[in-house]
Amino acid sequence: MKPLTIGFALTGSFCTFERALGQMEALVKRGYDVLPIVSFDAGSLDTRFMTAQHLRERIREITGKEPIDSLVCAEPIGPKKLCDVYIIAPATGNSLSKLANGQFDTPALLGAKSHLRNDRPLILAVSTNDGLGAAAQNIGRLLTWRNVYFVPFGQDDHVKKPRSLVADFDQIPKTISAALEGVQIQPLLTVKNE
């Protein structure tokens, strides 16, 4: 039987790249075929967390594939039905805003739009410093969309960053399984043990 193909898109929450790559690797180990996609910034910017070259090398090492990094290469994801599930992890506040408002100007977002045309699951792993601020309205809108599912999320530092939300990346495999059944994994909101 052909393995399920997971489109795995990274957007610019650079501090969560290691967690995202860990989950990408876990999905490959579970037997999924992972198709990597990067936003323009994720695929090209060097940060204190990781260089763009290192990110690309890790993606190739994990998946055996070059990441999709252009609009031209992302557009066929839907028409060719390249993915059974598409996940954006991390999904930044900027990406959530663009998605909720119909702007698909990066490979990660155009891939998501293209994928949704097939009524297949789109999963969002939120990572934004304004999740309980300006991004809250976009999270709320996306929660109502058909075929859109969220990885459970919560506040990552309620004292120093009271509006910041981050997905529990370890729940990505469970979220995928539930989304394939048309179910939003619950509970959606996580509480960090202190």
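Because the structure is predicted, anything quoted here is derived from the model rather than measured.
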Tabulate below the donor-acceptor pairs under 3.5 Å that side-chain atoms of residues 64-78 make, not counting sequence neighbours, or state none.
unit_1: Lys65; atom_1: NZ; unit_2: Asp33; atom_2: OD1; d: 2.4
unit_1: Lys65; atom_1: NZ; unit_2: Val34; atom_2: O; d: 3.1
unit_1: Glu66; atom_1: OE1; unit_2: Arg60; atom_2: NH1; d: 3.3
unit_1: Glu66; atom_1: OE2; unit_2: Arg60; atom_2: NE; d: 3.4
unit_1: Glu66; atom_1: OE2; unit_2: Arg60; atom_2: NH1; d: 3.3
unit_1: Asp69; atom_1: OD2; unit_2: Arg56; atom_2: NH1; d: 3.2
unit_1: Asp69; atom_1: OD2; unit_2: Arg56; atom_2: NH2; d: 2.9
unit_1: Ser70; atom_1: OG; unit_2: Cys73; atom_2: N; d: 3.1

Between the CD atom in Gln155 and the CZ atom in Arg163, the distance rounded to the nearest 0.5 Å is 10.0 Å
For a quick test of reading the model, state the closest non-hydrogen atom pair linking Ile88 to Ala108 and the distance between them.
CD1-O, 4.2 Å
Output all residues satisfying salt bridge (Lys or Arg N to Asp or Glu O under 4.0 Å) with Glu57, sequence neighbours left out; order by chain, then residue number.
none
Please determine whether side chain to side chain contact (heavy atoms under 4.5 Å, CB included) holds for the pair Leu110 and Asp105, giving the CA-CA distance in whole Å, both sets of side-chain angles, and the decisive distance to 0.1 Å.
CA-CA 6 Å; Leu110 185 59; Asp105 60 355; over 6 Å; no
Is there a side-chain contact between Gln171 and Asp168 in this structure, where contact means two heavy atoms from C-beta onward sitting under 4.5 Å apart?
yes
Straight-line distance of Arg120 CZ to Thr5 OG1, nearest 0.5 Å
9.0 Å
Compare all side-chain heavy atoms of Leu10 with those of Ile59 and state whether any distance is below 4.5 angstrom.
yes
Leu27/Phe8 under side chain to side chain contact (heavy atoms under 4.5 Å, CB included): CA gap, chis, key distance, verdict:
CA-CA 10 Å; Leu27 293 173; Phe8 199 117; 3.9 Å; yes
Is it the case that the side chain of Ser95 and the backbone of Ala91 share a donor-acceptor pair, with hydrogens and angles ignored and the cut-off at 3.5 Å?
no
Please tell me whether Val183 and Leu143 are part of a single hydrophobic cluster in this structure, the criterion being side-chain heavy atoms less than 4.5 Å apart.
no
Taking everything shown except Lys98 itself, do over 12 heavy atoms lie less than 6.0 Å from its NZ?
yes
Identify the two heavy atoms, one from Tyr149 and one from Gln184, that lie closest to each other, and give their separation to 0.1 Å.
CA-OE1, 3.3 Å
Student check: side-chain heavy atoms of Glu61 and Glu25 closer than 4.5 Å:
no
Are the side chains of Met24 and Ile6 in contact, using a 4.5 Å heavy-atom criterion?
no
Gap separating the OG atom of Ser177 from the CD1 atom of Ile172, nearest 0.5 angstrom
12.0 Å
Hydrophobic clustering (ILVMFWY, side-chain heavy atoms < 4.5 Å, transitive) - are Ile123 and Phe17 grouped together?
yes
Are Tyr32 and Pro173 side-chain neighbours, meaning at least one heavy-atom pair lies under 4.5 Å?
no
Could you please spell out the steps behind the side chain to side chain contact (heavy atoms under 4.5 Å, CB included) verdict for Asp156 and Leu165?
CA-CA 6 Å; Asp156 58 314; Leu165 295 176; 5.9 Å; no
Quick check: are there more than 12 heavy atoms from other residues, nucleotides or ligands sitting under 6.0 Å from CD of Gln186?
yes
Heavy atoms, side chains only, cut-off 4.5 Å: are Leu82 and Leu35 in contact?
yes
Any chain of hydrophobic side-chain contacts (each under 4.5 Å) joining Val151 to Ile139?
no
Rounded distance (nearest 0.5 Å) linking atom CZ of Phe169 with atom CD1 of Ile87:
8.0 Å
Membership question, hydrophobic clusters at under 4.5 Å side-chain separation (ILVMFWY): are Val38 and Phe49 in the same one?
yes
Among the clusters formed by ILVMFWY side chains lying less than 4.5 Å apart, do Leu122 and Val85 turn up in the same one?
no
State, to 0.1 Å, how close Ala89 and Ala20 come at their nearest heavy-atom pair, and which atoms those are.
O-CB, 3.4 Å
Write down the atom of Ala42, the atom of Leu55, and the distance for their closest heavy-atom approach.
O-CD2, 3.1 Å
Locate the shortest heavy-atom distance separating Phe104 from Leu109; write the atom from each residue and the value.
CD2-O, 3.6 Å
Does the Ser44 side chain pair with the main chain of Phe40, one donor and one acceptor, at a distance under 3.5 Å?
yes
Do Leu4 and Leu180 come within less than 4.5 Å of each other through their side chains, counting heavy atoms only?
yes
Rounded to the nearest 0.5 angstrom, the NZ-OG distance for Lys80 and Ser114 is 10.5 Å
Search all heavy atoms of Phe150 against all heavy atoms of Thr175 and return the closest pair with its distance.
O-CG2, 3.7 Å
So, are Asp119 and Arg146 salt-bridged, with charged N and O less than 4.0 Å apart?
yes
Give, for atom CD of Gln53 and atom CG of Asp46, the distance between the pair rounded to the nearest 0.5 Å.
8.5 Å
Could you walk me through whether Phe14 and Leu45 pass the side chain to side chain contact (heavy atoms under 4.5 Å, CB included) test, one step at a time?
CA-CA 9 Å; Phe14 304 99; Leu45 296 179; 4.0 Å; yes
Identify each donor-acceptor pair in which a side-chain atom of residues 124-132 lies under 3.5 Å from a protein atom, sequence neighbours left out, and give them as a table.
unit_1: Ser127; atom_1: OG; unit_2: Ser13; atom_2: OG; d: 2.7
unit_1: Thr128; atom_1: OG1; unit_2: Asp130; atom_2: N; d: 3.2
unit_1: Thr128; atom_1: OG1; unit_2: Asp130; atom_2: OD1; d: 2.5
unit_1: Asn129; atom_1: OD1; unit_2: Ser164; atom_2: OG; d: 3.2

Compare all side-chain heavy atoms of Tyr86 with those of Pro121 and state whether any distance is below 4.5 angstrom.
no
